[in-house]
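Below: the structure, in structure tokens.
Numbers restart at 1 for each chain; the letters A, B, ... are given by sequence-line order, proteins then strands.
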Number of protein chains: 2
Amino acid sequence: MRIFEYNFFVKNQSLKEFKAGIFQALAHPTRVAIAEILRDGELSAGAILEQLGLEQANVSQHLAVMRAKGVVSNRKEGNQVFYSLRHPMLVDVLNIMRQYFLQQLSEASEMLQAIEVEEEHSPQV
Amino acid sequence: MRIFEYNFFVKNQSLKEFKAGIFQALAHPTRVAIAEILRDGELSAGAILEQLGLEQANVSQHLAVMRAKGVVSNRKEGNQVFYSLRHPMLVDVLNIMRQYFLQQLSEASEMLQAIEVEEEHSPQV
DNA sequence: AAATTATATTCGAAGATTCGCATATTTGCA
DNA sequence: TGCAAATATGCGAATCTTCGAATATAATTT
């Protein structure tokens, strides 16, 4: 009985919340950018800020959102704070999405090219 | 020059927006649940509704969000509307997350067990 | 045509997010 | 001690999200 409850509630219910929480944490272009900047490892808030070229407070707020959802961990060292992705699998997730996106793009581009070639033979406009 | 702009804007800028849009579309437990229900293929809104056991209007609203973000396509057939995942890679994404979650869970559970065993030898409370 | 079934939309309230701006906190250094 | 650098937080306005309740639309059946 306890094992059943464990399986049902912990796994099935909160697994969805876990996923939704991560999606929420990344549901903003700036936060996707931050996750990608952290792809190769830990970086200070300042380094992230520099790569983004946005307002300091704004970046700090987005980092706070990601902290709150648990997708980054942070470590204070002297003057600065170093951030890293808490779930390395997110790198795989972002890669899958990038690969898929580029593939769709190239299919669309091939289609456009085909149309252009077709129009050279019998222009519509 | 046009190719440079294409690469920069289409790929680098809107790739982040593409990802963020998908994350936003799944940034709610109900919508994660819908995506998982659609894992094995097309289903009618009614069938989704039945599996979720939520209010009809609510499910329809969540489906509308997913439609707006482009993560599902819909096909009307007579009386009903059939939904499916537009990006099959999402199944992989969800699987990676599930696998990772379960692995974390089992690590945590092993850790708890180790603590329990330890406490049998030298109880703290 | 009227009733029924399947699905979507509208509305309004409650709450959450996002942003810029100003300010606080912490640490290191002169 | 006092100042500068790195980072976080508080505030208020604008916008977005979510929900239930009611209603609309469209196809099907009687």
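- Within residues 38-49 of chain A, the residues that have a heavy atom under 4.0 Å from DNA chain D are, in order of number, A:S44, A:A45, A:G46.
- Going from atom CD1 of B:I34 over to atom P of C:dA8 covers 11 Å, rounded to whole Å.
- The salt bridge (Lys or Arg N to Asp or Glu O under 4.0 Å) test applied to A:E77 returns A:R75, not counting sequence neighbours.
- Within the structure, every side-chain polar atom (N or O) of A:Y83 is placed at least 4.0 Å from both OP1 and OP2 of D:dA6.
- Only one option out of B:H62, B:E55, B:Q56 pairs with B:N58 in a side-chain hydrogen bond (donor to acceptor under 3.5 Å, both in side chains); it is B:H62.
- The CD atom of B:E50 sits 11 Å away from the P atom of C:dT7 (whole-angstrom rounding).
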Spell out protein contact along nucleotides 19-29 of chain C as letters: B when the base is contacted, S when just the sugar-phosphate is, - when no protein heavy atom is under 4.0 Å; keep the 5' to 3' order.
BBBB---SBS-
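- Computed from coordinates, the A:Q24 CD to C:dT18 C1' distance equals 14 Å when rounded to whole Å.
- Taking A:Y100 as the reference, B:H87 meet the ring-ring contact (aromatic ring centres under 6.0 Å, His included) condition, with sequence neighbours excluded.
- In this entry the distance linking CG of B:L54 with P of C:dT7 reads 15 Å, nearest Å.
- Applying the salt bridge (charged side-chain N to carboxylate O under 4.0 Å, His left out) test to residues at least two apart or on different chains, none of the pairs has a partner in residues 89-107 of chain A.
- Of the two residues contacting DNA chain C, namely A:R31 and B:L63, the nearest-nucleotide position lying further toward the 5' end is that of B:L63.
- Across every non-hydrogen atom of A:L94 and A:A35, the tightest pair is CD1-CB, 4.0 Å.
- B:I34 CD1 to B:L52 CG: the interatomic distance, rounded to the nearest 0.5 Å, is 5.5 Å.
- A:R39 meets the side chain to side chain donor-acceptor pair (under 3.5 Å) test with no other residue; sequence neighbours excluded.
- Between the NZ atom of B:K19 and the CD1 atom of A:I96 there is a distance of 11.0 Å, given to the nearest 0.5 Å.
- Between the P atom of D:dT7 and the CZ atom of A:F82 lies a distance of 8 Å, rounded to the nearest Å.
- Residues A:L54 and A:L49 come closest through the heavy atom pair O-CD1, 3.3 Å.
- In this structure, B:N74 atom CG and D:dA27 atom P are separated by 14 Å, rounded to whole Å.
- Remark: A:R67 is in phosphate contact with D:dT9, judged by side-chain N or O atoms under 4.0 Å from OP1 or OP2.
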